[in-house]
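The structure under discussion appears below in the form of C-alpha cells.
This one's a predicted model, so the numbers in the text were calculated from it and none came from an experiment. Note: hydrogens, waters and symmetry copies are ignored here, and every other heavy atom, side chains too, is used.
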Amino acid sequence: MKYYTLSALFFFVCSFCFISSFAQDSSLVEIPSINSSIKVDQKGMYLELKKEGEIVRSRLLKGTSLFSTDQMVQAAKGSEDGLEFDFNHSPLFHLPLKAIKALGAMQIGNELQEMFSEYGISLGEGEIEEIVPQEEWTIHDMSEDKEYHLVKEDGRLEVWHYLQGTLYYGFIHLKDGLYPYPVFYKRTANIADGKAQVNISKLDGRYDMIGWEKSGKGVLGYRILNKKGTIIYDGKISFRGTGPFTVGSSIVEGPFVQLLTSKSATISFSTNFFANAVVRADDRTFFGDKGTEHEILVDGLQPDTKYRYSVHVGDYSEEYSFQTAPASGSRKPFSFAYASDSRSGQGGGERNVWGVNTYVMKKIMAVAAKRKVAFFQFTGDMIDGYCPTMEETLFQYSNWKRTIEPFAHYFPVYPAMGNHEALVHIFSDGSEYGVSVDKFPYATDSAEVAFARAFVIPKNGPESEDGAVYDPNPNKKDFPSYEENVYYYTYDNVAMVVLNSNYWYSPSLQYTNDPSGNLHAYIMDNQMEWLGQTLKKLEDDDKIDFIFVSQHTPAFPNGGHSKDDMWYGGKNKYRAIVGGKPVEKGIIERRDEYLSTLMKSSKVVAMLTGDEHNYNRMHLTKKANIYPEGWDKPKITEAPYFRELWQVNNGAAGAPYYAQEVLPWSSHTQGFTTQHAIVLFHVEGKKISMEVINPDTLGPIEKVVLRK
C-alpha cells in the first residue's frame with residue numbers, strides 16, 4: 001500500500017466503551033440489547049449503559065487530540081520574513097445532533113444505534129439526555145491545554161482547542177553528508193493559540209549554511225513540542241524566495257527504498273502537494289501516479305549494482321543511492337540486521353517522540369548503515385500503539401518512519417506487526433483497561449489495514465482466516481486480511497519469512513473469554529498452513545541455503561513475558577475464541593505445531609523474535625525442558641524429526657527493559673542483556689555467524705557462529 005498521510009490537522013475520535021460480551025462481528029457472537037445515554041459534565045463525556053433499567057457500567061471517554069502529518073506541513077505558508085505555521089483550532093468532538101437548543105443544550109438519541117447496527121449491536125431505544133455543556137471541559141489531549149471552546153454549527157456541536165507549545169527550527173543541508181538531519185537554530189518560536197512564526201530572514205550570514213540567500217531556496221526542519229515538553233513531531237518543508245517567502249513542493253516523508261530485488265526496487269515517499277513525481281535512475285525516468293503518496297517501481301536493473309537515484313517533485317529534488325541484490329544463489333558475502341521493540345522509552349527528549357524511542361532507533365540505524373547491511377528486519381512494537389483511532393495509529397507510524405528515514409534512503413527496512421501495533425475498540429467491563437478487540441470494519445479500520453496503509457510490503461502472504469474450520473460463515477468475510485502483514489522475501493541465498501503473531505488481536509482475551517478474537521502469540525490455522533507451504537517452497541529452492549522465520553512473540557520467553565507469549569505460565573488452556581467458542585488447540589500445542597513446521601525444513605536456522613525488551617539467545621535441544629509439569633500430550637523433543645533450532649530475541653531497541661526470569665529452559669538461554677542491542681547476521685556462502693552490538697557504546701555483546 002502507499003505511505004498514508006492524514007487529511008486534517010488534529011483529530012479526536014472517541015472510543016465508545018461498551019459491555020464485555022461484545023465481539024467484532026455479529027456473525028461471531030450474539031449481542032444483547034441495551035439502553036444507552038450520553039452525559040456531559042465538567043469532566044468530559046461518558047456513555048452510560050443500562051440493561052433492564054439498571055446501570056451496568058459508565059466510563060469516561062478519554063480523548064486524544066491528533067496531528068496529521070500532511071496538514072502539519074500544509075499548515076505552513078509563506079510570509080514576508082519567513083514561514084508562518086498556522087495550526088489553527090481543531091475539532092476534538094464532532095457529534096451529529098438531533099437538535100440544538102438554547103445555551104448549547106443538546107439531544108443525543110439513536111446515533112449510536114445507527115452507527116453500530118451494521119455489526120448486530122442493539123442499543124435499545126436510547127435515552128435522550130439534555131445537557132448544558134460547560135464553557136470549559138477538561139479533556140486529555142496531546143497539548144495538555146485546558147482551554148476548550150464550544151462551537152455550534154449546522155446541527156453539530158464541536159469542541160475546539162488551540163495548540164500551545166514550542167517550535168524548534170533550522171535548516172537541513174541535503175548535500176552535507178549521507179544522512180542529513182536538521183541543525184536547529186539557537187532560538188525557538190512560541191506556538192500560541194495554534195500559530196508560530198519562523199523568521200528565515202534572520203538566518204542569514206553566519207547562519208546561512210545552505211546558501212539560501214544566493215539560491216533563493218532551501219529546506220527547513222522543524223520540531224513541535226507541546227506545552228508539557230513532549231516532542232510531537234519532526235517535520236521538513238522546502239521554501240522559496242529571499243523575502244517574501246513561499247512554501248515550495250516538498251518531499252515530507254521518505255524517500256524509502258523498498259521491495260529490493262536483484263533487478264528492481266520500489267521508491268516510496270510522500271509530498272506536500274498533489275503532484276506528478278518522478279524517480280530518475282540508470283539514466284532513465286520512472287513515473288508514478290499523480291497524488292501525495294507515491295510508490296514508483298524502478299526496474300530493468302542489473303544484479304549487485306549500485307545505482308544513484310533522484311526523486312523530483314516540481315523544482316524540488318533529493319538524491320541518494322541503493323544497491324540491487326545479487327542474483328539468487330550467488331552466495332556473495334553480505335550482512336543484514338535485526339531488532340524489535342522501539343516504542344517509547346524512559347528518559348525524556350527523543351526517547352519519546354510521540355510513541356517512538358527515536359534516540360535509540362537513530363543509533364541502531366546508524367550502526368546498520370555503518371556496517372553496510374543489505375536490509376533490516378524489524379519485527380514489531382515499533383510504536384506505543386493500542387490506539388482507539390486510525391488517525392493516531394498512522395501518526396505514530398509516521399514518527400517511526402521519520403526516525404529511520406535518513407538511513408532508509410539507502411537500504412530497505414522490513415517491518416512486522418507486534419502487539420503494540422494494535423488498533424482497538426475498547427469496551428468497559430469495570431476493569432482498569434476494559435475489554436479490547438481489533439477495530440472494525442476490518443476492510444477499512446482494523447490494525448491490519450492501518451499497517452498496510454503505512455508500509456510498503458511484499459504481497460505474497462495468505463488471504464485471511466476465512467475458510468478455516470472455525471469460520472462461522474463461509475459466505476462472508478469474517479476476518480481481517482493478511483495482505484502486507486504476513487509475507488516473505490529473499491536476498492541471495494537467504495529467505496526471511498515474516499509472521500503476524502498478533503493477527504486479529506484481542507488484547508483482553510488473556511484475562512476474559514467474553515470477546516471473540518485472537519490471543520497474543522497464537523498463530524491461527526490458515527497462517528500456519530501458509531507457513532508450511534512457504535517453507536516447502538523455499539526448501540525445494542536450491543538457491544536458498546538459509547531460512548529465518550520472524551514473529552514478534554517468542555516461542556520461549558526468557559524475561560518479561562512468561563505469563564503470555566507461547567507459554568502463558570505453562571497453561572495450555574489459552575487459545576483464540578471464534579464466535580464465542582474456543583478453537584481446538586491450546587497455546588502450547590500450537591507452539592509445538594509451529595516448531596514442528598520449522599524443524600521439518602532443514603534450512604530454517606533461527607526464529608527471530610521480540611516482545612521481551614532485552615537481547616538473548618536460546619538454543620533449543622532435546623535436553624531443553626520446554627513443558628509444564630504433568631504434560632500428558634506428545635512432546636516435540638521426542639519426535640523423530642526433531643532437530644536443534646536457535647531463538648534469537650532482540651527486543652532491545654528502546655522500549656523499557658525486562659530482566660531475566662527463571663524458566664524451565666533457562667539453562668539453554670545465553671547472552672542475556674538489558675542493554676540496547678542490534679543483531680547483525682553475516683552470511684558468507686554457506687557459513688552464517690551472528691554479531692551483537694550495543695548501539696549506545698558500539699561495544700560488542702557477543703559473537704556466535706550459527707552454521708559453519
Test salt bridge (Lys or Arg N to Asp or Glu O under 4.0 Å) on E405 and K362; report intermediate values, then the result. CA-CA 9 Å; E405 177 184 301; K362 281 181 179 179; over 6 Å; no
For T669 and N616, test the side chains for any donor-to-acceptor distance below 3.5 angstrom and give the result as yes or no. no
Just checking K370: does its NZ atom have more than 12 heavy atoms from other residues, nucleotides or ligands closer to it than 6.0 angstrom? no
Between R308 and E319, is the closest basic N to carboxylate O distance under 4.0 Å? yes
Taking the six-membered ring for Trp, are the ring centroids of F336 and F376 within less than 6.0 Å of each other? no
When you measure from the side chain of E612 to the backbone of H561, do you find a donor-acceptor pair of N or O atoms at a distance under 3.5 Å? yes
Going by heavy atoms in the side chains, are L499 and Q527 under 4.5 Å from each other? yes
Using a distance-only test with no angle check, is there a side-chain donor-acceptor pair under 3.5 angstrom linking S317 and S310? no
Kindly indicate whether the side chain of L260, heavy atoms from C-beta on, has any atom under 4.5 Å from the side chain of F375. no
NZ/NE/NH1/NH2 to OD/OE distance under 4.0 Å, K236 and E253: no
Checking S481 against E448: is there a side-chain donor and acceptor pair closer than 3.5 Å? no
Are F681 and F548, when compared by the centres of their aromatic rings, separated by less than 6.0 Å? yes
Is a salt bridge present between D540 and K536, judged by a nitrogen-to-oxygen distance below 4.0 Å? yes
Given the ring of Y522, does K585 sit roughly above its face, with NZ or CZ under 6.0 Å from the centre of the six-membered ring and within 45° of the axis? no
Does the separation of the ring centres of Y320 and F411 fall below 6.0 angstrom? no
Once ring-ring contact (aromatic ring centres under 6.0 Å, His included) is applied, do any residues pair with Y615, and if so which ones, sequence neighbours excluded? none
Y179 ring center near Y410 ring center (under 6.0 Å): yes
Within the structure provided, determine whether V683 and Y491 are in side-chain contact (heavy-atom separation under 4.5 Å). no
Full working for side-chain hydrogen bond (donor to acceptor under 3.5 Å, both in side chains) between Q258 and T266: CA-CA 5 Å; Q258 303 283 356; T266 295; over 6 Å; no
Do Q660 and N614 have side chains that approach each other closer than 4.5 Å (heavy atoms only, starting at C-beta)? no
Are F286 and V278 side-chain neighbours, meaning at least one heavy-atom pair lies under 4.5 Å? no
What I want to check is whether the side chains of T261 and S264 have a donor and an acceptor closer together than 3.5 Å. yes
Look only at the side chain of E644 and the backbone of L620, and say whether a donor-acceptor pair between them is shorter than 3.5 Å. no
Would you find a donor on one side and an acceptor on the other, under 3.5 Å apart, between the side chain of S667 and the backbone of W665? no
Taking the basic N atoms (NZ, or NE/NH1/NH2) and the acidic carboxylate oxygens, is any pair closer than 4.0 Å for R284 and D282? yes
Taking ring-ring contact (aromatic ring centres under 6.0 Å, His included) as the definition, give me every residue that meets it alongside Y594, ordered by chain and number, with sequence neighbours left out. none
Does NZ or CZ of R591 lie under 6.0 Å from the centre of the six-membered ring of Y627, at an angle within 45° of the ring axis? yes
Can Y641 and S596 be counted as having a side-chain donor-acceptor contact under 3.5 angstrom? yes
Kindly state whether the ring of F378 and the ring of Y414 have centres lying under 6.0 angstrom apart. no
Scan D381, N502, T609 and name whichever one has a side-chain hydrogen bond (donor to acceptor under 3.5 Å, both in side chains) with H552. D381
Side chains of T324 and Q302: donor-acceptor distance under 3.5 Å anywhere? no
Is W646 close to M618 at the side-chain level, that is, under 4.5 Å between some pair of heavy atoms? no
Salt bridge present between D304 and K332 (N-O < 4.0 angstrom): yes
Are Y657 and H613, when compared by the centres of their aromatic rings, separated by less than 6.0 Å? no
Using the six-membered ring wherever Trp is involved, compare the ring planes of F479 and W504 and label them parallel, tilted or perpendicular (cut-offs 30° and 60°). perpendicular
Will you find, in the side chains of Q670 and H619, an N or O donor that is under 3.5 Å from an N or O acceptor? no
Using modelled atom types only, decide if a donor and an acceptor are shared between the side chain of N357 and the backbone of R343 within a distance under 3.5 Å. no
Give a yes or no on whether a salt bridge exists between R371 and E691, defined as a side-chain N under 4.0 angstrom from a carboxylate O. yes
After noting the C-alpha distance and the side-chain angles of Y574 and I588, does the key distance pass the side-chain contact (heavy atoms from CB on, under 4.5 Å) rule? CA-CA 8 Å; Y574 292 97; I588 298 177; over 6 Å; no
Checking side-chain polar atoms at under 3.5 Å, does N419 have a donor or acceptor matched by the opposite partner on Y386? yes
Is K603 atom NZ crowded by more than 12 heavy atoms from other residues, nucleotides or ligands, each under 6.0 Å away? yes
Chi angles and distances behind the side-chain hydrogen bond (donor to acceptor under 3.5 Å, both in side chains) call for S270, H294: CA-CA 6 Å; S270 299; H294 308 270; over 6 Å; no
Mind running side-chain contact (heavy atoms from CB on, under 4.5 Å) on M599 and L645 for me, showing each step along the way? CA-CA 8 Å; M599 289 175 179; L645 284 176; 3.9 Å; yes
Examine H409 together with F256 and report whether their ring centres are nearer than 6.0 Å. no
Backbone N/O of A327 and side chain of S330: donor-acceptor pair under 3.5 Å: yes
Treating T305 as the side-chain partner and L301 as the backbone partner, does any N or O pair qualify as donor plus acceptor under 3.5 Å? no
Is there a side-chain hydrogen bond (donor to acceptor under 3.5 Å, both in side chains) between D565 and H520? Walk through the geometry before answering. CA-CA 7 Å; D565 284 344; H520 175 57; 3.3 Å; yes
May I ask you to check whether over 12 heavy atoms, not counting those of Q346, lie within 6.0 Å of atom CD? no
CA sep, side-chain torsions, deciding dist, call: Y482, E465, side-chain hydrogen bond (donor to acceptor under 3.5 Å, both in side chains): CA-CA 8 Å; Y482 278 124; E465 286 300 314; 2.7 Å; yes
Are more than 12 heavy atoms from other residues, nucleotides or ligands located less than 6.0 Å from atom CD of Q533? yes
Do E661 and S562 have side-chain atoms, one donor and one acceptor, less than 3.5 Å apart? yes
Between Q377 and T379, do the side chains contain an N or O donor and an N or O acceptor separated by less than 3.5 Å? yes
Between N649 and P554 (side chain of the first, backbone of the second, donor and acceptor by atom type, cut-off under 3.5 Å), is there such a pair? no
Residues R331, D492: salt bridge by 4.0 Å N-O rule: no
Please check this pair: side chain of K263 against backbone of G300, looking for a donor-acceptor N/O pair closer than 3.5 Å. no
Between K687 and D545, does any NZ, NE, NH1 or NH2 come within less than 4.0 Å of an OD or OE carboxylate oxygen? no
Test your reading of the model: is there a side-chain donor-acceptor pair from R617 to the backbone of V704, 3.5 Å cut-off? no
So, the side chain of N460 versus the backbone of Y487: is there a donor-acceptor pair under 3.5 Å, distance only? no
Taking the six-membered ring for Trp, is the centroid-to-centroid distance between W354 and W400 below 6.0 Å? no
